[in-house]
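In this text the structure is predicted, and so the values were computed from the model without any measurement. Every chain is numbered from 1 and lettered A, B, ... according to where its sequence line falls, protein lines coming before strand lines.
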There are 2 protein chains.
Amino acid sequence: MLSHFTVDCVIYTFHEAQLKILLTERNEYPYKGWWALPGFYVEKDEEMEDAVKRISYENTGLKDIYLEQLAAFAGVKRHPEGRILTVAYVALVRYDNVKNKVKPVTSYMKQAKWYPINHLPDLAFDHREIIQLSVEKLKKRLSYSLAPFELLPEKFTLTQFQQVYEALLGETLDKRNFRKKINNLGYLKELDEFQTGVSYRAARLYKLDRRKFQKLFE
Amino acid sequence: MLSHFTVDCVIYTFHEAQLKILLTERNEYPYKGWWALPGFYVEKDEEMEDAVKRISYENTGLKDIYLEQLAAFAGVKRHPEGRILTVAYVALVRYDNVKNKVKPVTSYMKQAKWYPINHLPDLAFDHREIIQLSVEKLKKRLSYSLAPFELLPEKFTLTQFQQVYEALLGETLDKRNFRKKINNLGYLKELDEFQTGVSYRAARLYKLDRRKFQKLFE
DNA sequence: TTTAATAGTGTAAAAAATACACACTATATT
DNA sequence: AATATAGTGTGTATTTTTTACACTATTAAA
């Protein structure tokens, strides 16, 4: 009737044309030395979401990030000392905002590191399963959620946008058909700005037109 | 760090061309006399799903029913005595199987009753919100999940099948187009049997072709 | 000036979704 | 026997969406 209560965060970002997840190396029994999702106990009078925010702040230095609940995991055998119920959340952050910030600021882990979703190390507890579920959920919601925009910089190229889709779908898409489709969606705003610092033709930048997006999905 | 831990069940069935949810009248503080989702504490060494099965058995007399986890609700203020974390599950049952069975078999409730999803009474706790979320989830998964078949009898008419869709989508569908679409899906098996006991032209019965369904979604 | 790397663009064909109306049949009623 | 009732079952034309596919443009660096 009483259970330990934790939250775990699957924190995604988009970098080098890949989706990556932030993992921490545990410095505590059990699974000491293993990689795991950032997570910790929820305090007695703390709202679950606040605990998630606290943990993602400790790990990314960011407040006010995009969060959604994934699922609860409560297997009696998850933890050797008895049931620890965890509620897993998905968080999405822009790599620009975190690239110089990630470091372990807690005693219970040695380091934190971004791993591409298709090259994950062995993971503690049932964290592999949690991640698997999170990928599937993101995949399904792709075309009617703000998720892609939470992963990309404010201003992005269509190629970057396509790469987010490709990373989640796990397949390559035809450039022309992709562009046609997102043009029809109608919630991208074409800017008069271009990529800089590339040694090839600079791509045009776009951003999300939040108004149009909301009109479409209310 | 420790929290009370319960599960709540949103048990759906299909009856009289409507989707209905099983509610119980509480016989305990708090919300005594209010209608609520069937739910109870998870025992110390009990798996969460087993608790759900236990509770749905107590309420419907059925074992081995279709279950999926919906979400965790853990608001500090859900319960006047402090946080009670609940994990909500959706269960789907065939009305044929339960129609003579529903009765309160526990001390903590007075009665149980099926309510159409669009005529619900006032509900205890945040149960209205839980139900709302469950409807939305079912709606999204409609055409690529087994949910409709778990709600219908083994052998059903196309009209019944369409009514399940209509109830969840909250709109009426064109009969010809609906039939064309599900014909294209290709996982319905046409039987040589017909409805009986109706005072009008008897409709042909169909059933799910599980093999084809699985081939399609593996 | 050439090379390497990526951006950007259109059209035709096929497939899927939509809109739409009437004849059929089993039973109950007179 | 005739008729009313209530729901079953079916086809076609139109529009929309999806797919397949290949070349030119731009920039920086060598």
Got a donor-acceptor pair under 3.5 Å from the side chain of A:Arg201 to the base of D:dT27?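 No such pair is found, so the answer is no.
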For the rings on B:Trp34 and B:Phe125, is their centre-to-centre separation under 6.0 Å?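 B:Trp34 vs B:Phe125: aromatic centres not under 6.0 Å.
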Would a line drawn from the ring center of B:Tyr206 to the ring center of B:Phe156 be shorter than 6.0 Å?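 When the ring centroids of B:Tyr206 and B:Phe156 are compared, they turn out to be at least 6.0 Å apart.
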Whole angstrom value for the distance that separates [atom2] of [N] from [atom1] of [X]:
{"X": "B:Tyr200", "N": "D:dA4", "atom1": "OH", "atom2": "P", "value": "21 Å"}
{"X": "B:Phe161", "N": "D:dG7", "atom1": "CZ", "atom2": "C1'", "value": "19 Å"}
{"X": "A:Asn184", "N": "C:dG10", "atom1": "CG", "atom2": "P", "value": "14 Å"}
{"X": "B:Arg204", "N": "D:dT10", "atom1": "CZ", "atom2": "C1'", "value": "13 Å"}
{"X": "A:Glu190", "N": "C:dA7", "atom1": "CD", "atom2": "C1'", "value": "13 Å"}
{"X": "A:Gln195", "N": "C:dA5", "atom1": "CD", "atom2": "P", "value": "16 Å"}
{"X": "A:Asn177", "N": "C:dA13", "atom1": "CG", "atom2": "C1'", "value": "13 Å"}
{"X": "B:Gln160", "N": "D:dG7", "atom1": "CD", "atom2": "P", "value": "13 Å"}

For C:dG8, does either OP1 or OP2 sit under 4.0 Å from a side-chain N or O belonging to A:Arg179?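 So the side-chain polar atoms of A:Arg179 do come within 4.0 Å of the phosphate oxygens OP1 or OP2 of C:dG8, strictly under.
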Side-chain N,O (A:Thr159) to OP1/OP2 (C:dA7) below 4.0 Å: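 Yes, because at least one side-chain N or O of A:Thr159 sits under 4.0 Å from OP1 or OP2 of C:dA7.
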Return whichever of B:Asp174 or A:Leu205 has its heavy-atom-nearest nucleotide of DNA chain C closer to the 5' end.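 First, find each residue's nearest nucleotide; the 5'-ward one identifies A:Leu205.
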Check whether more than 12 heavy atoms from other residues, nucleotides or ligands sit under 6.0 Å from atom NZ of B:Lys137, and answer yes or no.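 Yes, enclosed.
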Just compare [options] and give me whichever is closest to any side-chain atom of [X].
{"X": "A:Lys180", "options": "C:dG10, D:dG9, D:dG11", "value": "C:dG10"}
{"X": "B:Arg176", "options": "C:dC20, C:dA28, C:dA7", "value": "C:dC20"}
{"X": "B:Lys181", "options": "D:dT10, C:dT18, D:dT8", "value": "C:dT18"}

Do B:Glu68 and B:Arg141 meet the salt-bridge criterion of a basic N to acidic O distance under 4.0 Å?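 Looking at B:Glu68 together with B:Arg141, the answer is yes, because their closest N to O distance falls below 4.0 Å.
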Looking at every heavy atom in both B:Ile65 and B:Leu92, which two are closest together, and how far apart are they?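 Here B:Ile65 and B:Leu92 meet closest at CB-O, 4.2 Å.
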With DNA chain D as reference, determine whether A:Ser199 or B:Phe194 sits nearer its 5' end, using the nearest nucleotide of each.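 Going by which nucleotide is closer to the 5' end, it is B:Phe194.
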